[in-house]
Amino acid sequence: MFFKSPLITNIIQLIQLFWQLPYCKLLIWLLPLLLFTSGETSLMAHDETLYALRARQMLETGDWISPWGHPHHKTPGFYWLIAIFYQIFGVSDTTARIPTMIAGILSIFVIYKVGEILLSDKLAFLGIIILNVEFLWIQYCRLSTPDLPTILLIFIGIFLLLKSDINPQKRYLYGFITGLSFGLGFLMRSLMIFLPMMALLPYLIIDHRRHRHLTNPMLYLGFLVGLIPTLIWLYFSWLRYGSDSIGALLGFVIELGSHEQHKNGILFYVWNLALKSFPWLFFSLLGITLVIRRSISKYPLILIGFPVILFTELSIFSTRLSHYSLCIYPFIAFLAAVGLDWLGKIYQKGFDDQLSSHQIIYLPRNISYAWGILGIILVLAGISIVVWGEVNIHKYAILMICSGFGSLIVPLIWIGKFHYHLKFLTSHYWLCSLLISCWLSVATAGNLGLLGDFNPDFRVFSQQQAINKVLHNHPINFVKGTGFNDKESLLIYFYTPQYGKSVDSLSQLPIFSYAWIYQQGSVKVPNYRVIGSFKNYQLIQVLSANNYDK
């Protein structure tokens with residue numbers, strides 16, 4: 001009787017209604033990958049900590065233009081976004097990551113809508129499922145960097161361009177919001193926003209006679225409106241630093257384009273995309289072939305042209321870093337969905353028509369066995385590391401073992417169907433086994449802290465009772481000297497709750513005060529007590545007024 005009550009019936013109907021929505025299913029797939037952690041977090045020592053720290057400086061100084069005392073080389077949109085969340089939830093590494101996580105969730109909805117237009121609702125759904133298990137993508141959905149908010153704005157622009165193409169009666173409205181998105185993208189990512197804008201040029205120019213986006217005045221008006229926050233920031237920065245404000249923005253891009261970093265040559269993105277999106281780039285190559293030969297999409301200049309042009313731009317650009325290519329990953333996922341869907345049809349047809357494996361089903365068969373071989377290799381490698389490896393890399397061994405056993409699901413599905421004739425193991429089970437194996441790998445990486453705990457050494461150091469007590473109960477000074485210009489110092493700055501003074505020597509600090517100092521080696525100085533040491537830095541308490549200069 002309880003289950004027949006109107007209230008329970010309405011709740012069940014509501015749940016069924018939500019379950020029918022693709023967004024609900026996508027959230028169920030994505031949220032664990034965003035939220036799974038080892039219970040501990042720590043920021044990536046360079047870019048992520050820089051963004052989080054600069055936003056903190058804005059909030060604590062009340063200076064939202066340039067609290068650093070010199071013209072800045074990046075537009076402040078992402079700093080502002082983090083600082084707003086700091087005001088609401090307080091300063092922490094988790095809070096610094098919330099804007100990106102929200103942008104990651106919203107992005108999958110917008111990218112899904114783009115995929116529906118470029119392909120179909122079925123392939124768009126499959127593409128988003130694939131996107132969320134691409135390693136670099138899910139990693140940057142959890143990092144405090146401006147990449148995902150920028151990608152969200154880019155895909156809003158792409159979606160509305162396509163909507164304007166389909167529904168020209170609303171071209172002025174769609175054009176304005178498109179321009180606004182790219183204008184705000186400049187606030188978020190500075191001049192780098194022009195790379196995806198240029199990647200849209202083949203579609204904008206070649207198909208212009210059909211959609212006439214380039215003659216839509218609202219597109220340009222929207223872009224100008226989107227630039228207003230940046231222009232206001234530049235104006236106030238100009239009042240302080242003059243033309244150096246614009247020079248810093250331009251100079252940073254020129255510097256990035258003038259030399260290679262980390263010896264990443266022109267082929268960097270070839271192997272990096274293959275590695276960081278493994279195995280989906282290989283399926284996407286099959287998808288490209290199918291899209292070209294079968295005219296699957298009405299918008300190949302976006303589905304294929306956009307990522308190819310962007311890939312070329314990034315390869316020519318001298319500074320080549322993994323996260324610069326993140327905007328390509330949704331297209332890898334869509335094209336992989338095309339390839340994977342085709343393989344699923346072959347898999348099912350091979351069973352329905354009772355064709356021999358060498359005639360039509362050799363591709364899914366070989367993929368299944370290759371997946372299984374990879375799984376066996378990962379399991380054996382992981383066990384070897386557990387037995388003979390160092391303790392500090394055991395978590396990577398656990399990841400290998402879990403990923404390996406997950407990969408073995410794929411050949412088991414194949415064997416169950418084609419050797420034991422289990423008819424219920426349709427192509428859906430085979431496709432799900434491929435996706436689930438990757439999902440388990442990413443979920444395990446999150447649970448082990450590999451996606452959110454990037455500096456466990458500093459975290460463990462700062463959580464020591466003596467260190468933690470001093471940090472949270474006293475203002476901490478900084479004796480700069482020749483240090484505080486590396487990645488470790490960024491962590492120290494961010495995770496120090498209360499700032500004291502920044503001085504050049506210990507003699508400028510009062511007795512019994514606390515300070516961070518840069519101390520190479522193990523030189524003992526009798527006028528202070530060392531509370532703890534991290535790399536070349538020491539947390540100390542001043543014991544004497546007759547200080548030695550540092």
Side-chain angles (χ1 to χ4, degrees), residues 43-87 90-93 95-96 99 144-146 186-192 227 229-256 471 474-510 513-518 536-537 539 549-550:
L43 295 176
M44 186 181 288
H46 198 249
D47 280 3
E48 190 184 20
T49 310
L50 275 173
Y51 287 113
L53 182 59
R54 288 168 180 163
R56 177 183 171 180
Q57 290 172 318
M58 282 186 168
L59 178 66
E60 293 183 347
T61 62
D63 182 353
W64 292 58
I65 303 300
S66 181
W68 313 286
H70 54 79
H72 196 53
H73 58 281
K74 293 184 179 181
T75 46
F78 191 60
Y79 306 144
W80 292 349
L81 193 59
I82 299 175
I84 290 170
F85 277 84
Y86 282 164
Q87 281 190 320
V91 176
S92 70
D93 49 21
T95 303
S144 180
T145 66
F186 187 86
L187 176 69
M188 198 66 60
R189 205 67 174 92
S190 186
L191 293 166
M192 292 295 289
L227 287 179
T230 304
L231 295 174
I232 293 173
W233 171 76
L234 275 175
Y235 171 73
F236 285 106
S237 185
W238 177 283
L239 293 179
R240 297 186 190 184
Y241 309 113
S243 60
D244 289 344
S245 301
I246 298 176
L249 288 175
L250 296 175
F252 181 64
V253 175
I254 293 171
E255 180 185 355
L256 289 179
L471 290 177
H474 303 277
I476 311 299
N477 305 292
F478 293 84
V479 183
K480 290 192 172 181
T482 58
F484 293 93
N485 55 4
D486 53 20
K487 294 181 179 182
E488 287 76 20
S489 66
L490 293 175
L491 294 169
I492 289 171
Y493 272 117
F494 182 78
Y495 286 104
T496 298
Q498 302 179 62
Y499 293 152
K501 302 176 182 177
S502 291
V503 299
D504 294 322
S505 70
L506 281 172
S507 61
Q508 297 173 266
L509 296 178
S513 62
Y514 294 89
W516 286 106
I517 65 170
Y518 182 77
N536 290 325
Y537 294 90
L539 179 64
D549 284 348
K550 298 300 296 173

Inset, instruction - Could you tell me whether the side chain of Tyr86 reaches within less than 4.5 Å of the side chain of Ile82, counting heavy atoms only? - result: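 With C-beta onward as the side chain, the pair touches.
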
Inset, instruction - State, with a plain yes or no, whether a side-chain heavy atom of Pro76 is found less than 4.5 Å away from one of Met58. - result: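 A side-chain contact exists here, since the closest heavy-atom pair is under 4.5 Å.
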
Going from [atom1] on [X] to [atom2] on [Y], what distance comes out if it is rounded to the nearest 0.5 angstrom?
| X | Y | atom1 | atom2 | value |
| --- | --- | --- | --- | --- |
| Asp47 | Thr145 | CG | OG1 | 8.0 Å |
| Ile232 | Phe236 | CD1 | CZ | 7.5 Å |
| Met188 | Leu81 | CE | CG | 5.5 Å |
| Thr75 | Met192 | OG1 | CE | 11.5 Å |
| Tyr518 | Asp486 | OH | CG | 6.5 Å |
| His474 | Thr496 | NE2 | OG1 | 13.5 Å |

Inset, instruction - Indicate the ring-plane relationship of Tyr79 and His72, choosing parallel, tilted or perpendicular according to the 30° and 60° boundaries. - result: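 Tyr79 and His72: tilted rings.
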
For the backbone of [Y] and the side chain of [X], can you confirm whether one donor and one acceptor N or O come within less than 3.5 Å of each other?
| X | Y | result |
| --- | --- | --- |
| Asp244 | Gly247 | no |
| Ser245 | Tyr241 | no |
| Gln87 | Ile84 | no |
| Thr95 | Phe85 | no |
| Tyr514 | Leu471 | no |
| Asn477 | Ser502 | no |

Legend entry - side-chain hydrogen bond (donor to acceptor under 3.5 Å, both in side chains) partner of Arg56, the single match among Tyr499, Tyr493, Tyr51: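 Of the listed options, the one satisfying the test is Tyr499.
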
Shortest non-hydrogen contact from [X] toward [Y]:
| X | Y | value |
| --- | --- | --- |
| Leu43 | Tyr495 | N-OH, 3.0 Å |
| Leu490 | Ala45 | CD1-O, 3.4 Å |
| Ala515 | Leu509 | CB-CD1, 3.6 Å |

Inset, instruction - Kindly indicate, with the supporting measurements, whether the criterion side chain to side chain contact (heavy atoms under 4.5 Å, CB included) is fulfilled by Leu191 and Phe186. - result: CA-CA 6 Å; Leu191 293 166; Phe186 187 86; 3.4 Å; yes

Inset, instruction - Might you work through the side chain to side chain contact (heavy atoms under 4.5 Å, CB included) test for Trp68 and Asp63, ending with a clear yes or no? - result: CA-CA 9 Å; Trp68 313 286; Asp63 182 353; over 6 Å; no

Legend entry - Derivation of the side chain to side chain contact (heavy atoms under 4.5 Å, CB included) call for Leu249 and Leu234: CA-CA 10 Å; Leu249 288 175; Leu234 275 175; 3.9 Å; yes

Inset, instruction - Given side chain to side chain contact (heavy atoms under 4.5 Å, CB included), test Ile65 with Trp233 step by step and report yes or no. - result: CA-CA 6 Å; Ile65 303 300; Trp233 171 76; 4.0 Å; yes

